[in-house]
Amino acid sequence: AQKVTQAQTEISVVEKEDVTLDCVYETRDTTYYLFWYKQPPSGELVFLIRRNSFDEQNEISGRYSWNFQKSTSSFNFTITASQVVDSAVYFCALSEVGGYGGATNKLIFGTGTLLAVQP
Amino acid sequence: NAGVTQTPKFQVLKTGQSMTLQCAQDMNHEYMSWYRQDPGMGLRLIHYSVGAGITDQGEVPNGYNVSRSTTEDFPLRLLSAAPSQTSVYFCASSYLGLATYNEQFFGPGTRLTVL
């Protein structure tokens, strides 16, 4: 069965520190997608990144970077030089593939990591 | 372009009452779904639909009904509310298919309390 584990329940850092949020997934599919979402205190879910199982290249977007390693089934997220505005709950998610058009779009979420960035 | 809209934003029910959470999207997305978010449990899929007239169960469907009569709307019905259904409910929509796969767009959520 598919599963996403975010072992870090809460992380507290001081502004400008780098922080890595861990995500480990389990799936028997050979084709799958991984996601990161941000949920700020206002409650909405903000899409950050999607990565498919065939693309193991790391990605950098400003202060954000993602490290995808199929060998360890991990998709970790690093924030460089954290800021107070980065304070949020971060969710890692996995999508099943199969069925209609090749994708079911069903997302399996981890339990989230609450990141608190102190000024 | 309003994206995904949900109404109401907040709702308090008594045990046994029924109600419908509304969800609408104006992006012509085939796929729509409902998730519930509970503390320490992330988001869990309740029901989903791949098009008008087609719905299926997710991980936690008990106590909820859905229907999809139009592409735009995907209401979630609580038949007889229970305290265990106190949660934040998110509706999401997206395109289908690997070739045009996009991220799911989430609505702002409905916070439901069942007393």
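Proteins come first, then strands; the chains are lettered A, B, ... in the order of their sequence lines, and each starts at number 1. A quick note: this is a predicted structure, and the numbers were derived from the prediction, not measured.
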Applying a criterion of heavy atom separation less than 4.5 Å, what residues of residues 51-62 of chain A form contacts with chain B?
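Against chain B, none of the residues of residues 51-62 of chain A fall inside the cut-off of heavy atoms under 4.5 Å.
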What residues of residues 71-84 of chain A make heavy-atom contacts with chain B at a cutoff under 4.5 angstrom?
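Listed by number, there are no contacting residues, so the answer is none.
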Short question: side chain of [X], backbone of [Y] - any donor-acceptor pair under 3.5 Å?
| X | Y | value |
| --- | --- | --- |
| A/Y32 | A/R28 | no |
| A/Q2 | A/E26 | no |
| A/Q6 | A/C92 | yes |
| B/Y35 | B/V88 | no |

Is a donor from one side chain sitting under 3.5 angstrom from an acceptor on the other, for B/R77 and B/S67?
yes
Verify the distance criterion only: is there a donor paired with an acceptor across the side chains of B/Y64 and B/Y89 at less than 3.5 Å?
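Yes, because at least one side-chain N or O of B/Y64 sits under 3.5 Å from a partner of the opposite role on B/Y89.
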Mind checking whether A/Y37 and B/F106 have ring centres under 6.0 Å apart?
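That pair passes the under 6.0 Å test.
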When you compare the side chain of B/S33 with that of B/Q104, does any pair of heavy atoms fall below 4.5 Å?
yes
Is any side-chain heavy atom of B/M19 closer than 4.5 Å to a side-chain heavy atom of B/P8?
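A side-chain contact under 4.5 Å exists here.
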Got more than 12 heavy atoms from elsewhere within 6.0 Å of NZ, A/K3?
no
Tell me, for A/Q39 versus chain B, whether the close heavy atoms (under 4.5 Å) come from the side chain, the backbone, both or neither.
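Looking at A/Q39, just its side chain touches chain B.
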With a 4.5 angstrom heavy-atom cut-off, which part of B/L45 approaches chain A: side chain, backbone, both or neither?
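Only the side chain of B/L45 comes within 4.5 Å of chain A.
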What part of B/E30 lies closer than 4.5 angstrom to a heavy atom of chain A: side chain, backbone, both or neither?
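Neither part.
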OG1 of B/T70 to CD of B/Q25, rounded to nearest 0.5 Å, is 8.5 Å
